Each structure stands twice: as structure tokens, then as C-alpha cells.
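What you are looking at is a predicted structure, and each value in this text was computed from that prediction instead of being measured.
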Amino acid sequence: MESIITAAVIGIVALLIGIFLGKIIFSKNTKKQIEEANEIAKKTIEDAKTLAETLKEKKLLEAKENFLKLKSEHDKDVTQRNQKLVEAESRIKQQQQASNDKNSSLQRQIQEYEQLKVNLDRQLEVVSIKRNELERHQEDHIKRLEKVASLSAEQAKVELMEAVKEEARTRAMSQVKEIMEEAKLNGNKEAKKIIIQSIQRLASEQAIENAITVFNLESDEIKGQIIGREGRNIRALEAATGVDLIIDDTPEAIVLSCFDPLRRELARLSLQRLVQDGRIHPARIEEVVEKTKKQLDDQVMEIGERTIIELGVHGLHKDLVRMVGRMRFRSSYGQNLLMHSKETANLCGIMAAELGLGQKVVKLAKRAGLLHDIGKVPDEETELSHALLGAKLAEKAGEHASIVNAIGAHHDEMEMTYIISPIVQACDAISGARPGARREMMQSYLQRIKDLETLAMAYTGVEKAYAIQAGRELRVIVEADKVSDAESGKLSFEIADKIQKEMQFPGQIKVTVIRELRAVNIAR
């Protein structure tokens with residue numbers, strides 16, 4: 001038991017000793033750590049003070065820089081404002097000085113004008129005095145002249161006017177002669193110019209008349225089928241026939257436009273068959289056009305053969321027979337070319353027979369009359385005129401030399417070397433000039449007549465206006481109390497000039513202004 005107690009006491013003492021020793025050791029370590037911590041704290045405080053001083057100096061520098069910058073901007077603004085104030089004061093002083101100068105100048109001008117007015121008044125008085133003296137001297141001079149010449153002033157004026165009139169008349173006649181000579185020199189040039197202007201006025205109407213064919217439809221619904229999807233049908237038809245198809249708002253009609261009448265006829269017949277058949281597509285169009293072309297060629301040959309049989313003209317080359325048939329589809333001023341050629345052939349035969357030229361010459365004249373316009377229907381276009389081209393085609397086909405000469409000379413483009421040549425020329429002119437042979441479009445003719453009369457009625461003083469002689473003369477009747485004789489000539493010139501500038505017409509138009517003054521009194 002004691003041993004246990006002893007052991008326990010020893011254990012406790014050993015524990016206490018250990019605790020004590022531990023405290024001593026711990027206190028030493030703690031003291032060392034505290035010293036190290038104090039050194040670190042001192043060093044940290046010193047570093048913090050150093051950093052604080054650095055930041056303080058940096059902030060002070062930035063504050064000084066901002067202050068200097070703000071001060072500089074402020075000084076600059078103050079300087080600019082002061083400069084503007086100085087400039088404004090300077091401008092105000094200049095304006096005041098300019099105003100003072102203007103006032104001074106105005107005062108000087110007023111004084112000068114006053115002085116000038118005084119001087120002018122004095123000069124007017126002097127001029128008035130001198131004018132009175134001049135009038136007295138002039139009267140004395142006239143009296144002395146009348147006394148010396150034994151003539152009064154009125155008689156002297158009359159004689160002087162007569163002398164001046166005679167001199168003016170002589171000069172006028174001389175100028176008229178010079179103008180006439182100059183007009184003769186320039187006449188050819190002006191004549192060509194007039195012809196060209198006439199061609200320009202006629203060209204559009206003849207193109208419309210001779211270059212289109214109107215194809216009538218039963219209803220406007222067919223137009224869509226002819227056009228086709230995205231226009232493929234109409235493009236195929238135009239490509240196959242060489243004719244332009246114009247489909248517009250015109251009800252139940254399509255316009256076929258082409259200068260070749262055979263192509264227009266081919267397009268018309270093909271379109272007619274396609275519409276009747278109802279099947280309209282590119283392949284069908286090409287097939288129908290090809291068939292129609294063959295039938296049209298056969299029809300042309302048939303028309304040519306029938307014509308030569310009818311006229312009794314035999315032995316023609318096949319090419320010439322085909323050209324005669326092609327004439328059936330050509331017209332000029334509304335006159336069918338084949339009918340014109342047949343008419344010319346018959347006239348040539350009759351004229352040659354009446355002249356007693358013999359049966360052989362009669363046949364040649366008739367043959368030449370039929371073929372004189374074959375140059376208007378060639379297979380290929382050339383730059384030759386139709387007369388020379390026709391002569392070339394006839395010579396190529398083996399025709400007699402007299403026929404070749406008659407064809408080429410019927411418009412004086414070749415020298416006439418055979419008796420039938422003037423006969424063909426005369427009969428061609430007779431057939432073309434026969435009343436009713438050639439026509440003008442009635443609608444355009446009536447419109448031109450109406451426009452002529454309306455144009456004249458627009459002038460002041462015009463009472464009535466009549467277009468006579470198929471529109472080649474315009475007679476204008478004016479009111480005598482509103483238009484004088486001198487104004488009548490001027491009015492005639494103005495109307496003619498306006499017609500020339502604003503209207504299109506064939507040939508020339510004569511403008512006659514009529515002014516009649518009637519004095520009526522009644523005896524009771």
C-alpha cells in the first residue's frame with residue numbers, strides 16, 4: 001500500500017516537475033516569438049509609414065498638377081473672353097467710324113447735288129434762250145430760201161420726197177434683181193431641201209399604210225393563247241415568219257407589222273390556221289408556218305401564171321412569173337401593184353397598136369408594161385432603185401433588150417433607146433395618175449383638213465376659214481374692221497409659217513387671206 005502511495009507521490013512529483021519544466025521551456029519559446037513578432041510589427045509599421053509618405057507625396061503632386069491644369073484652362077478662357085471683348089469693341093468702333101464716314105459722304109453728295117441743280121437750272125435758262133434765238137434764225141433762213149427759190153416749204157418737202165422715192169425705188173429694183181439672181185443660184189439646193197421635207201412628211205403615213213396588216217379575232221381571250229406562257233408562242237411565231245406581232249389594248253385585233261407584204265400574208269394565214277385549230281405551241285407553230293409557206297409559194301406561182309395567160313404574155317422565165325405573182329401582195333398609195341402592172345400592160349398594148357407599130361412591138365410593149373415594176377418585189381434587197389434592179393433582173397432572165405431598156409428607163413434613170421420605152425413611161429404615169437387609182441388614208445386626210453381650218457380660226461380677226469382643192473389651198477376670210485390690209489399680208493405669212501412648222505402635209509399649201517370692206521347705205 002505504501003509502495004503504491006509512494007509510487008503515486010513519485011508520479012505526481014514527476015508530473016509537477018514535468019509541468020514546471022514545460023512551462024519554463026514554453027515561456028522561453030513564447031518570449032522568443034514575441035520578440036520576433038515585435039520586430040516584424042516594427043518593420044511593418046516603418047514600411048507602412050514609408051508607403052504612406054510616398055502616397056501622400058504622390059497625391060500632393062497630382063493635386064498640384066490638376067490645380068495647375070485647371071488654372072491654365074481658366075486663364076485661357078479668361079484670355080479668349082478678353083480677346084473677344086477687344087474684337088467686339090474694335091468692330092463697334094469700326095462700324096461707328098464707317099457710319100460717321102457715310103454721314104459725311106452723304107452730306108458732301110447733298111451739297112454737290114444742290115450745286116449741280118443750280119448749275120443745271122442756269123444751263124436750262126441758257127439753252128432756252130439759245131433755242132429761241134435758233135428758231136428766229138431758222139424762220140429767217142426759211143424766208144430767205146423761199147424768196148431765193150420761189151418755193152414754199154411744203155413744195156420743197158414734196159419735191160424732196162419725190163426725189164427720195166425715186167432713189168429708193170431704184171435701189172429696191174437693184175436689190176430685187178440681186179435677190180432673184182441669188183435665188184436662181186440657190187434654187188436647185190432649196191428644191192432638193194423641199195423634196196426631202198416632203199418625203200419626211202409623207203414617210204410616216206405610207207409606212208403605216210404599207211407595213212401593217214390587222215388580224216381580227218373573235219374574242220380577246222384568244223390573245224392569251226397566242227402570247228403563250230411567258231411569251232413563248234409569240235416569240236416562236238415572230239421568229240418563224242419574220243413579222244412583228246403587236247398585241248395591245250385594241251379590242252379583238254392583232255397588228256402584224258413588216259415591210260415585206262409576203263411575210264405579212266404568211267403570218268396572217270398561219271395565225272388564221274392556228275386560231276381555227278386551237279393548238280398553239282412552238283412546235284405546232286413551226287409546222288403550220290412551214291406548210292403555209294409552201295402553199296403560199298404555190299399560190300404566188302398560180303397568180304403569176306394566171307396573169308400572164310390573161311394578158312397573153314408567154315415564155316416568161318419562172319423567176320419572173322413568181323415575181324409577177326408576188327406583186328399581188330404589194331401596194332403603193334393604196335394601189336395594188338399587180339393591178340397597176342396589168343393596167344399598164346393593157347395601156348401599152350393599146351397605145352402601141354394605135355400608133356401602128358406592128359404586132360411584134362405591141363407584144364413587146366405589153367410585156368414591158370407588165371414587168372416594169374418587178375424591181376419592187378425582189379428576192380433580196382439591194383441598194384439599186386427599183387427601175388435599175390428590174391432591168392437587171394429582166395436581163396438576167398433573158399428578156400429582149402428593148403424590154404430591159406423600157407424597165408430601166410421608165411423613171412429616166414437610163415437613156416431611152418427603143419420606141420417602147422417612152423410608151424411604158426407614159427402608161428405608167430397614166431395608170432398612177434388615174435382618179436381613184438391611188439388613195440390617201442381617209443381618216444388622216446379629213447383630220448388634216450380639220451387641223452388646217454382650226455389653225456387659221458385661232459387667229460384674232462379671222463371670221464371663216466376653208467380648206468379647198470383637197471387641202472392644197474387654205475382661204476381665210478377676215479373681218480375688215482379688225483384686220484387692216486397691211487395686217488392681212490402679215491397674217492398670211494404667219495399662218496403659212498405655223499402650218500409649215502406644226503403640220504405634216506404632202507406638196508405645198510397656198511394660204512390666201514381675203515379682206516373685204518363693204519359700205520352699205522339705204523336710200524329712202
For [X] against [Y], the heavy-atom pair lying closest together:
X: Glu413; Y: Ser385; value: OE2-OG, 2.7 Å
X: Val424; Y: Cys348; value: CA-SG, 3.7 Å
X: Leu455; Y: Met503; value: CD1-SD, 4.3 Å
X: Val483; Y: Gly461; value: CG2-CA, 4.0 Å
X: Arg326; Y: Val300; value: N-CG1, 3.6 Å
X: Leu474; Y: Ala456; value: CD2-CB, 4.0 Å

Close side-chain approach of [X] and [Y], heavy atoms under 4.5 Å:
X: Leu370; Y: Thr344; result: no
X: Glu343; Y: Asn346; result: no
X: His372; Y: His340; result: yes
X: Phe493; Y: Lys498; result: no
X: Leu274; Y: Ile285; result: yes
X: Val478; Y: Leu491; result: yes
X: Val324; Y: Val313; result: no
X: Thr307; Y: Val321; result: no

In plain terms, say whether [X] and [Y] are close enough for a salt bridge, that is, a side-chain N and a carboxylate O under 4.0 Å apart.
X: Glu287; Y: Arg284; result: yes
X: Arg306; Y: Glu310; result: no
X: Lys294; Y: Asp298; result: no

> For Asp485 and Arg515, what are the C-alpha separation, side-chain angles and deciding distance, and is it a side-chain contact (heavy atoms from CB on, under 4.5 Å)?
Replying inline: CA-CA 7 Å; Asp485 288 337; Arg515 178 180 181 269; 2.8 Å; yes
>> I'd like to know whether Ile514 forms a side-chain contact (heavy atoms from CB on, under 4.5 Å) with Thr512, so could you lay out the CA-CA distance, the side-chain angles of the two residues, the decisive distance to 0.1 Å, and finally the verdict.
In response: CA-CA 6 Å; Ile514 301 172; Thr512 305; 4.1 Å; yes
Atom [atom1] in [X], atom [atom2] in [Y]: separation rounded to 0.5 Å?
X: Leu388; Y: Ile407; atom1: CG; atom2: CD1; value: 11.0 Å
X: Asp319; Y: Ile374; atom1: CG; atom2: CD1; value: 10.0 Å
X: Leu85; Y: Ser90; atom1: CG; atom2: OG; value: 12.5 Å
X: Lys102; Y: Gln109; atom1: NZ; atom2: CD; value: 11.5 Å
X: Arg328; Y: Ile303; atom1: CZ; atom2: CD1; value: 6.0 Å

> Going through the checks in order, is the side-chain contact (heavy atoms from CB on, under 4.5 Å) test met by Cys427 and Ile423?
Replying inline: CA-CA 6 Å; Cys427 294; Ile423 294 176; 4.2 Å; yes
> Would one find more than 12 heavy atoms of other residues, nucleotides or ligands at under 6.0 Å from atom CE of Met457?
Replying inline: yes
> Counting only heavy atoms not in Glu354, do more than 12 sit closer than 6.0 Å to its CD atom?
Replying inline: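 It does not: Glu354 CD has 12 such atoms or fewer within range.
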>> Once ring pair (Phe, Tyr, Trp, His ring centres under 6.0 Å) is applied, do any residues pair with His386, and if so which ones, sequence neighbours excluded?
In response: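 His386 satisfies ring pair (Phe, Tyr, Trp, His ring centres under 6.0 Å) with His410, His411 once adjacent residues are dropped.
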Is there a donor-acceptor pair closer than 3.5 Å between any side-chain N or O of [X] and the backbone N or O of [Y]?
X: Glu453; Y: Ala467; result: yes
X: Ser341; Y: Leu337; result: yes
X: Ser492; Y: Val513; result: no
X: Ser99; Y: Gln95; result: no

> Are Lys76 and Gln80 close enough, and set up right, to give a side-chain contact (heavy atoms from CB on, under 4.5 Å), and what steps lead you there?
Replying inline: CA-CA 6 Å; Lys76 187 176 179 181; Gln80 290 179 351; 3.6 Å; yes
> Can you find a side-chain donor-acceptor pair between Glu415 and Asn405 that sits under 3.5 Å?
Replying inline: no
Distance-only criterion, 3.5 Å: show the donor-acceptor pairs between side-chain atoms of residues 357-369 and protein atoms not counting sequence neighbours.
residue : atom : partner : partner atom : Å
Lys366  : NZ   : Leu311  : O            : 3.1
Arg367  : NE   : Glu399  : OE1          : 2.7
Arg367  : NH1  : His314  : O            : 2.7
Arg367  : NH2  : His314  : O            : 3.2
Arg367  : NH2  : Gly315  : O            : 3.3
Arg367  : NH2  : Glu399  : OE2          : 3.3

